[in-house]
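Some notes on the structure that comes next.
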Amino acid sequence: KSEAWGSHFSVRIVLLDSLANCLNAEGRYADAETVLRKVLDIQRKALGKDHPRTAAVLRDVASLLLRQGKTADAEQTYLEIVRILDAAGKDQRGELAAAHALIGGFYKDQGRAQDAENAFTRALSLREETYGKEHPAVALSLLDLARFRRSVNRVPEAGADLAKALEMSEKLGSASDPLLMGYVFLEQAGISREQGNAEGAKGLYAESVAILEAQARRGDPHLLLRSLEEYAALLKSINQTAALAELEKKIAPLKQALKP
């Protein structure tokens with residue numbers, strides 16, 4: 001099998017993957033799915049049907065299925081990823097945790113609250129078992145749980161999860177991910193604003209924007225835009241027009257750049 005996974009297979013997979021990315025970018029999701037399934041066939045023939053490497057391709061297939069509105073097929077694909085990685089043993093525990101977090105996000109978007117919480121909790125447990133109680137991946141799971149709990153109006157629990165994630169990130173120092181801290185501040189700002197604490201929310205939004213701007217080259221521009229827009233909405237609500245005008249100068253070009 002190691003010989004089969006040679007240059008011929010590698011080059012073909014790279015080319016097919018590039019083609020799938022192009023089709024995806026053009027909105028041709030069904031065609032992109034067909035190409036990725038060819039990649040999957042090559043991998044399975046070379047490495048075996050349930051090799052952990054196939055999980056990455058299946059993740060992309062699931063994403064394409066969702067874009068086509070095939071939620072039931074997407075769910076089965078996510079469950080297949082979990083099954084493959086679970087069977088792969090301890091070496092894949094980190095990837096298995098990520099798969100549970102991914103399916104948790106799927107269930108959250110589908111309004112399946114209990115399934116979502118179970119998946120996010122399982123991801124947290126696996127990361128704690130794999131990396132220890134204090135690790136950037138554990139902080140990420142706490143953020144996932146906080147976002148879920150906030151979405152179902154369990155705000156005190158969400159706030160506690162965010163506080164734990166922030167405390168952990170601060171303890172980890174240079175080992176922590178600044179982007180995660182930016183996201184934590186953004187969620188905390190939203191909670192403060194909803195609770196009527198405009199001044200507290202203002203400081204948290206400022207922290208979030210500063211971090212996300214500093215990390216713009218490797219971060220998610222949509223997350224930065226969300227942070228800027230929520231901050232702007234707060235400033236507008238408290239009539240801070242000068243600061244609002246400065247934010248709007250940043251928002252307009254970013255929105256233009258993100259237009260499809």
Side-chain angles (χ1 to χ4, degrees), residues 33 36 40 43-44 47-68 70-154 157-169 172 175-177 179-181 183-184 186-187 219-220 222-223:
E33 179 196 345
L36 282 183
L40 198 57
Q43 284 188 330
R44 284 171 168 169
L47 300 172
K49 183 176 182 294
D50 291 337
H51 193 281
R53 194 174 292 183
T54 63
V57 181
L58 285 168
R59 179 194 62 208
D60 292 339
V61 169
S63 177
L64 289 167
L65 288 168
L66 281 177
R67 293 182 179 187
Q68 296 172 74
K70 300 177 180 179
T71 54
D73 291 341
E75 179 181 5
Q76 291 307 307
T77 304
Y78 284 131
L79 291 173
E80 185 178 1
I81 294 169
V82 168
R83 179 188 63 76
I84 288 170
L85 293 173
D86 193 29
K90 291 184 178 180
D91 288 347
Q92 296 296 323
R93 277 302 184 253
E95 292 299 319
L96 177 60
H100 278 287
L102 190 64
I103 200 170
F106 167 78
Y107 288 140
K108 175 177 173 285
D109 291 342
Q110 296 299 311
R112 294 167 58 176
Q114 190 58 62
D115 289 332
E117 184 164 20
N118 290 343
F120 286 134
T121 302
R122 180 60 177 149
L124 174 61
S125 176
L126 282 165
R127 283 170 170 159
E128 287 178 337
E129 291 170 12
T130 304
Y131 305 116
K133 295 287 186 179
E134 293 186 351
H135 188 276
V138 175
L140 178 60
S141 271
L142 287 168
L143 174 60
D144 285 339
L145 271 170
R147 292 182 63 228
F148 160 71
R149 286 169 173 160
R150 184 183 171 200
S151 75
V152 293
N153 297 317
R154 289 162 56 183
E157 291 172 88
D161 290 331
L162 290 169
K164 287 180 186 176
L166 184 58
E167 181 183 6
M168 189 179 300
S169 295
L172 290 167
S176 66
D177 185 352
L179 281 174
L180 186 142
M181 294 185 71
Y183 210 153
V184 169
L186 176 57
E187 292 296 322
D220 179 358
H222 294 90
L223 183 59

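Start at 1 with the first residue, then count along the sequence.
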If you compare all heavy atoms of G132 against all heavy atoms of V138, which two are closest, and at what distance to 0.1 Å?
O-CG2, 3.3 Å
Take atom CD in E75; do more than 12 heavy atoms of anything else shown fall under 6.0 Å from it?
yes
Locate the shortest heavy-atom distance separating A74 from A62; write the atom from each residue and the value.
CB-O, 3.8 Å
Separation between CG (L58) and CZ (R53), nearest 0.5 Å, reads 14.0 Å
Here the pair of heavy atoms bringing E134 nearest to L172 is O-CD2, 3.9 Å
Would you say Q76's side chain and A72's backbone share a donor-acceptor pair under 3.5 angstrom?
no
Contacts satisfying side chain to side chain donor-acceptor pair (under 3.5 Å) that involve residues 141-150 (not counting sequence neighbours) are E117-R149, R127-S141, R147-Y183, R149-D161, R150-E187, R150-E194
Using modelled atom types only, decide if a donor and an acceptor are shared between the side chain of T77 and the backbone of D73 within a distance under 3.5 Å.
yes
Are the side chain of S125 and the backbone N or O of T121 linked by a donor-acceptor pair below 3.5 Å?
no
So how far is it from F120 CZ to I103 CD1, rounded to the nearest 0.5 Å?
10.5 Å
Nearest heavy atoms of S176 and P136, plus distance in Å
CA-CG, 4.3 Å
Show the numbers, then the answer: is there a side chain to side chain contact (heavy atoms under 4.5 Å, CB included) between L142 and L162?
CA-CA 7 Å; L142 287 168; L162 290 169; over 6 Å; no
Looking only at non-hydrogen atoms, find the nearest pair between D220 and H222 and report the distance.
OD1-N, 2.9 Å
Considering all heavy atoms of both residues, which atom of L180 and which atom of A139 are nearest to each other, and what is their separation?
CD1-C, 3.8 Å
Rounded to the nearest 0.5 Å, what's the gap from CG on L166 to CG on L143? Could you check?
11.0 Å
Here the gap from L140 atom CG to S169 atom OG, rounded to the nearest 0.5 Å, amounts to 9.5 Å
Value for CG (L40) from CD (E33), rounded to nearest 0.5 Å, stands at 10.5 Å
Looking at K133, R93, R122, which one forms a salt bridge (Lys or Arg N to Asp or Glu O under 4.0 Å) with E128?
K133
Between atom CG of D109 and atom CG of L66, what is the distance when rounded to the nearest 0.5 Å?
8.0 Å
